[in-house]
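These numbers come from a predicted model, not from an experiment.
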Amino acid sequence: MGSPAVTETMVETRRLKKYFSTPKGPLHAVDDVNIFIAKGETLGLVGESGCGKSTLGRVVIRLLEATGGSVLFGDQDIVKFDKNDLRTFRKRAQMVFQDPYSSLNPRLSVEQLIAEPLRIHKVYPNERETSVRIKELMDTVGLAQRLATSFPHELDGGRRQRIGVARALALNPEFIVLDEPVSALDVCIQAQILNLLQDLKDQFQYTYLFITHDLSVVRHISNRIAVMYLGKVIELAHHLEIFENPQHPYTQALLSAIPIPKLDIVRKDRIILEGDVPSPVNPPAGCRFYGRCPSRQADCLEETPELVEIGPNHFLACCHPGAITAQKQPAQ
Amino acid sequence: MVLLRKNSNLYLTLVRLRRNRLAVLGLWIMLILLLTAVFAPLLAPYHYATQNLVDAFEPPSWAHPLGTDDFGRDILSRIIYGAQVSLQVGVFAVSLAMLSGGVLGAIAGYYGGHLDDVIMRFMDVLFAIPQILLAITIAAALGPGLMNLTIAVGIAALPTFARIVRGAVLSIVGQEYIEAARCMGASDAWIIAKHILPNCSAPIIVQGTLRVAQAILAAAALSFLGLGIQPPFPEWGGMLAGSRGYLRDYAYMAVFPGLAIMITIMALNFLGDGLRDAMDPKLKR
Amino acid sequence: MIPVALGVTFILFSLLSVTPGDPARLALGEDASEESLNEFRREYGLDRSFLVRYGFFVYNAAVNQDIGRSYVTRRPVAGEMANTFPVTLNLAFGAITFATVLGMTFGIICAIKQYSIFDNVTMVIAMLGISTPIFYLGILFILWFSVRLRWLPSSGFDTLSQRILPWITLSAPSMSIITRMTRSSMLEVIRSDYIRTARAKGQKESVVILKHALQNALIPIVTIIGIQFGLLLGGSILTESVFSIPGVGRLAVEGIKSRDYPIVQGAVLYIAIAYVFINLFVDLLYAWIDPRLRTRYRY
Amino acid sequence: MTQHSEFLLEIRDLRVQFHTDTGLVKAVEGLNFTLKRGEAVGLVGETGAGKTTTALAIMQLIASPPGKITSGQIFFDGKDILTKSEEEKRHIRGKKVAMIFQDPMTSLNPVLTVQEQIAEMIRLHEQVTNKEALEKARAMLQLVGIQPERGPDYPHQFSGGMKQRVVIAIALACNPQLLIADEPTTALDVTIQAQVLELMRELKQHFNTATILITHDLGVVAELCDSVAIMYAGRILEKADARTLYGNPQHPYTQGLFHSIPDLTKNVHRLNTMPGLPPDPTALPPGCCFAPRCQYADEACSANSPDMTEVEPGHFVACFKIQEKNGRQAHG
C-alpha cells in the first residue's frame, strides 16, 4: 500500500485550538495542533479517551467552532466560512459517527435517513431521481433493498453503521471523518465494515480521517498515524514506522500495551504507565506527558515540545527523543 | 397511510397501548365523555338551569336518576352539561400551556445560554407559587367565566410545560443524530421540524394527557372556591360547593358530581400512564 | 431566595393591579362619599402609580418588616399572617409527614413484592388517591366519619381529633404519588449493576434492599416530596375551605373575594417563601444522601 | 457425587431461557463446561453469545422473571449448586465464587465508601469485628495498588481503572476458589487495561484462584489464560489449552474469528470476513447453530447438533466436518 508520494494536501490545520469552558477553567481539548492530510490518504488518529481526538475531528469539519488557529481545506480557511460557504462545504466533507444507535433518528426509515442529505441540499429536482440515488447508495454500502422501509431499531449495529456510511457518501464528498466507526461493533461485523470502507476508498478515492482508540484497527486501515495525548499530537508517521520505530515514550507505552491474540509473542518489554491521564482542564506548561513519562527529565517542564520532523515523514513532539531506548540498553 | 406502516413507531406504540387494559378503559371513558359533552342537549333529560322548587332535594328516582338539588334542578343533566365545561377547560387550558410553555421551553432548550437562563429563572419564580394559588390569583384578576377560568388554569400550568419541553429538547439536542443532521448541512429550522419536534412528541403527549387531568382538577377546585364558573352554569366543582350546606341530609348531591370528576381524572391518568409505557423507548428493545 | 421573593411579589402586584373592581369602594361600601374614598386611596397609596407602590412595598417589607395593612380589617397583614400561617404550616407538615412515612413504606413493599396482590391493590388505591380531588375526598370523609359514624368533628383545627381528618385528606394525593414514585425508583435501582454486585457478595436480599437500594432510590423520592410540599401548601387552601380551618389559604380566598389585596399578597408571599425554604432544605438533603453532591459542595 | 473433585466446576447441559416481548430467548442452550482447580479459562464470544448469562447462572443471579434455568446441573466442588437452598447459595456467593462485572463505573454503590463495600464482603463471610473488617479492607486496597488512606473515599472520586481495582479487591477479599471476571477491562483505555491485566496476573500468582475470564478479546485471553473456550449462540464450539487453540484453531467459527481481527504483524488490504450474523436467540436454527454461516456446512449440519469431541488430546471441537476429517485420518 505505502503512503502516496508527495501529493496535494486535502486538509491542513495550523495552530488549531479548541477550548471548552468549564467551571474549573478552560478545558484544552485540542491545543496547537498542526497536521496535514494528503489527498487520497487515510490518516489514522489514535489516543485514549479524553485525548481530544473526536473534538479534533469535529473542529476539522467545523461541527465545532475552533477557539483559535485555522483549518485549510484546499486553499480556503474553513474557520472563516460564512453560512453559505459552510453549506457548500458540507457537500465536500462528511462524517460517520461512532454510535450507530444514537446517530440515526429512530423515527425515520432507512430510505428517509439516506435521503436526508439529498433533500437538505435539494440535489435532485424530484422524488424519482432521489429514490434512484437511494437505491444506488444502498447497493454501494451493501444494504439489501428490502430494508428500505425498515427502521433503525429493527437492524443490527453493522447495518445501522452501513446507513451512516451511505448517508455520508450521498453528497459525493471528498473528505470523510470517521469517528470510531467500528468501536461499537463485534469483531466479525467490525471486519465487514472495515472492508467496506477500504473498498469505497479504492472505488471513489476518498480521503479519510479515521479516529479510533483501537491500535490494530488503525494500523490496518491507515496510511499514516497521528498519536494524540491530552489535546496534542505527539507523534505522526507512516503506519508501519509508528509500529516499528515509535519514538515518543507514550507511543511506545501505548503500543506495548496492546493485547495481541498470539501466544508466541512474548512481551518482555511491556511498559506499564503509572497513574491515569491527568485532567485536560488548565494543563500545566511543559510536556503534557511529563507526569507519567518513564524517561522524563527535569527540563521537560520548561517548554512544550513542538511537533518536528525527525526523519523522513516522521514527526515527533518530545524534548528527549530516544531517551527511553537509551535507558533500556543497560537492562538488556 | 404511510404513518401506519407495520414497523413504524406509531403503530408499535398503538399495539403496546392496546395491550394495556387500563389504558384502553381510560380511552373508552374519555371517548364516551367526549360524546356526552358534544351531544349534551340530546342526552340530558332536562335543561341544566330548569328549576323546579317543588321537586327540590329529591333523592335518586326514575324521574331524576341522580336526584335533584336545592333548586330542584336535575343533577344528572347538570353533570352531563358539566362535562362540556370540564373538557373545554381541560383541553384548552392545556393547549394554551403547551403552546406557550412549549415554545418557551423549546427555545430555552435548543438555544441554551442566556436566553435559557432568563426564561428558566422566570419559570422558577412562577414555580415558587403553588399552581393552585397562582390559578386562584389569576382567576381573581381576570374575573369569573369559562374563558377566564381556562386562561387562569392554562397560565398556571405554563411553567410545568416549559420545564417538560425544555428537558425533552435537551435530551434530544444531545443525541448524535442532531449532530449528524448539522453535519449534512441542515438548518436550525430543518433540525427542529424534522428531528427535535417528532422525537420529543412522546413526553409532551404523555404529559399533555396527564395535565388535562390536572387542569380539570384545578378548574373544579376554583369553581369549588367560587372563583370559576358562576352558577347557574353547571361545573362539577361548583356543584360540589353548592352541596356543602346539605351534606347531613342530602349526601347524594355531593357524591355524584365528585364521582364525575374522579372518574374523568382517573381515566386520563390511566391513559397517560399507558401512553408513557407504550412510548417508553426503554421497552422498545 | 430574595430574587424569588421579589419576583413573586412583582407578579402578584402586576396581577392584582389589573384586577377589576375598586378596593376603596368595596372596603367602604356603596354609599361612601367621594371624599372618604379618596382619603382611603391616599392612605393605602392607591393613588400612586404601580411601580411606586411596588417600590414602597419592597422598601417597607425589607426595612420595617411591614407588608401593608388589610383594606377590610385595617390591621397589619403581618399580624394576620402570624395568626393564620402557623395553622397552615401545621396542616401541611402533618400531611407531608403522613404522606412520606406511609407512602415510602408502601412503595418499598410494592417494589419488593412486585406484581403481588399487595402491590396490585396498593397501586389501584394510589391511582384512586391521585384521581380524587381533595375537596371531594374531604367531603366524603365528613360524610362518613363525621355525619355517619360521628367519630371525628367536621370542622376546626384546635384539637387533635379535629386535625386528623384534614391531615389525612390533604395527604392523600401526595401519599399516592410518593408511593408510586418510591416503587418505580426502587425498581429502577434494583436493576442496577451495584445491586448485582451486592448480591454477588452473598448479601441477604433484605440488606440489599435497605442498605444498598434505598439510599440510592431516595434521590428522586426526595425531589418528589419537595414538589409535593408545594402542592400541599396550595392544597391546604381547599382543605381549609372544606373543614373551615382558619388558615392562611382561607384568608387568601376571602381576600380575593373582598379585593383585600394586601392580605392576598401577604398570604401568597408567605406560602412562596415557605416553599423556597423547603426547596433549600431539599437541596441540603440531597447532599446528605448523595456523596457525589457532598463533594461538589465542598469545593 | 464426590468423584468430581478433579474439577472445581462442572456444568452439564445447562439451558437458560428468558421470556421477553419478542419471544423466548434461548441464551444458553446445552452448555457443557469443566474447570480444574487453579485453571484460568477464557470464555470468548461475541455479544449475545451467552457468556454473561453463563456466569450469572454459576453465581445463581439470573433475574427471575424473566430468566430461568430450564435444565442442567452446575457442580461446584462436586455438589450441584442448583439444588441448594437460598441460604446455602449465599454462602457460596462471594466466599467461594466471586465475580467482577464489566462496567466499573456502575458496579460500585455510589453512596457507600469503597472500604465499606470491601468490608461488607469480609463481614459477611468471616468472623470479624467491624474494625478488623475495615482493616482488612484497607489491606486489600493496598494489594490492588490503591493507597489504603483512600478507603473512606466514595467511588466517584476514583477513575475507571481505580474503580475496577476496587471491584477486584471486593471479589478477592474472601479468597474465593473461583473468580469470574466478566469483560474486566473492556471499558478501560489501553494503557489502563495493561495496568489492570498486570494486576490480575500478579493476583493470580498470589492467590492461585481458578478464573473464568469472559471477553470478546482474544488478545486479553492470550495474556491471562491457560485454556480457551469459544462460545457461540449459547453453546461452546471449541475448547482447548491456549497454545493449541491459538496455534491450531479447528472450528470454522474460531478460524473466522481469528481472521476478523486485524493482525499487527501482517499487512493485508482486506480482512477475511465471515458472512452473515449470529442467529436470533429467539429462533435458533436446528442443528449446528453456526451452519447458516459456515462455508463447509451441508444438510447433516442443519439436521443435527454436533457434540463436543476430542480431536487431539485436550482439544474439543463441536463440528461434524472436523469429526469426519479426523475419522478419515484415523482410518486411512
Side-chain angles (χ1 to χ4, degrees), chain B residues 22 121-122 124-143 152 155-156 210 213-214 216-218 220-227 236-237 240-241 243-244 247-249 251-255 257-270 273 282, chain C residues 1 3-8 10-12 14-21 124 127-128 130-137 139-140 142-143 146-148 154 173 180 227 229-238 241-242 249 252-253 255-257 259 264-265 267-269 271-273 275-276 279:
Chain B
L22 290 176
R121 281 303 81 76
F122 181 63
D124 282 347
V125 170
L126 286 185
F127 257 111
I129 311 173
Q131 263 191 43
I132 185 79
L133 202 55
L134 187 60
I136 288 175
T137 321
I138 300 171
L142 297 175
I155 293 178
L210 295 173
Q214 294 304 309
I216 291 177
L217 205 56
L222 288 187
S223 300
F224 179 77
L225 294 174
L227 296 166
W236 297 337
L240 257 180
S243 74
R244 291 179 61 199
L247 278 188
R248 211 160 288 276
D249 304 309
Y252 59 86
M253 271 178 67
V255 171
L259 215 52
I261 306 178
M262 204 170 107
I263 289 171
T264 308
I265 289 164
M266 187 134 55
L268 283 164
N269 281 336
F270 280 145
D273 278 5
K282 268 185 274 178
Chain C
M1 195 187 102
V4 172
L6 281 176
V8 167
F10 187 78
I11 290 172
L12 283 172
S14 325
L15 279 174
L16 296 175
S17 71
V18 300
T19 305
V124 170
M127 183 49 102
L128 279 171
I130 293 174
S131 307
T132 313
I134 313 176
F135 48 89
Y136 183 49
L137 191 66
I139 287 176
L140 290 182
I142 290 175
L143 277 176
S146 308
V147 177
R148 169 84 45 107
S154 66
R180 282 161 56 107
I227 294 172
F229 195 86
L231 292 180
L232 285 183
L233 284 172
S236 63
I237 299 174
L238 297 162
S241 171
V242 172
V253 172
I256 284 173
K257 285 180 181 163
R259 306 258 174 272
V264 179
Q265 272 161 22
V268 178
L269 187 64
I271 288 178
I273 288 174
Y275 191 28
V276 170
N279 281 330

Mind listing the closest non-hydrogen atom pair of Met127(C) and Asp273(B) along with its distance?
CE-OD2, 3.5 Å

Over all heavy atoms of both residues, which pair between Thr132(C) and Leu128(C) is shortest? Give the atoms and the distance, please.
OG1-O, 2.6 Å

Considering only heavy atoms and a distance below 4.5 Å, find which of [options] pairs most often with chain B.
options: Val253(C), Leu143(C), Leu269(C); value: Leu143(C)
options: Ala267(C), Gly7(C), Ser241(C); value: Ser241(C)
options: Asn279(C), Ile139(C), Ile134(C); value: Ile139(C)
options: Leu233(C), Ile227(C), Leu15(C); value: Leu15(C)

Is chain B contacted by the side chain of [X], its backbone, both, or neither, given a heavy-atom distance below 4.5 Å?
X: Leu231(C); answer: neither
X: Ile142(C); answer: side chain
X: Val268(C); answer: both

Could you check whether any side-chain heavy atom of Phe135(C) comes within less than 4.5 Å of a side-chain heavy atom of Leu225(B), counting everything from C-beta outward?
no

Side-chain heavy-atom pair Leu268(B), Leu210(B) within 4.5 angstrom cut-off
no

Can you confirm whether Phe122(B) is buried at CZ, in the sense that more than 12 heavy atoms of other residues, nucleotides or ligands lie under 6.0 Å from that atom?
no

[atom1]-[atom2] distance between [X] and [Y], expressed to the nearest 0.5 angstrom:
X: Leu133(B); Y: Ile271(C); atom1: CG; atom2: CD1; value: 5.0 Å
X: Arg148(C); Y: Leu140(C); atom1: CZ; atom2: CG; value: 11.5 Å
X: Leu222(B); Y: Leu238(C); atom1: CG; atom2: CG; value: 8.5 Å

For Ile265(B), which atoms come within 4.5 Å of any heavy atom of chain C: side chain, backbone, both, or neither?
both

Honestly, the part of Phe270(B) sitting under 4.5 Å from a heavy atom of chain C is both

Interface residue of largest heavy-atom contact number with chain C, from Ala221(B), Ala251(B), Gly237(B), under 4.5 Å
Ala221(B)

Quick check on the interface: out of Ile138(B), Ile216(B), Leu240(B), Leu227(B), who has the most heavy-atom pairs with chain C under 4.5 Å?
Leu240(B)

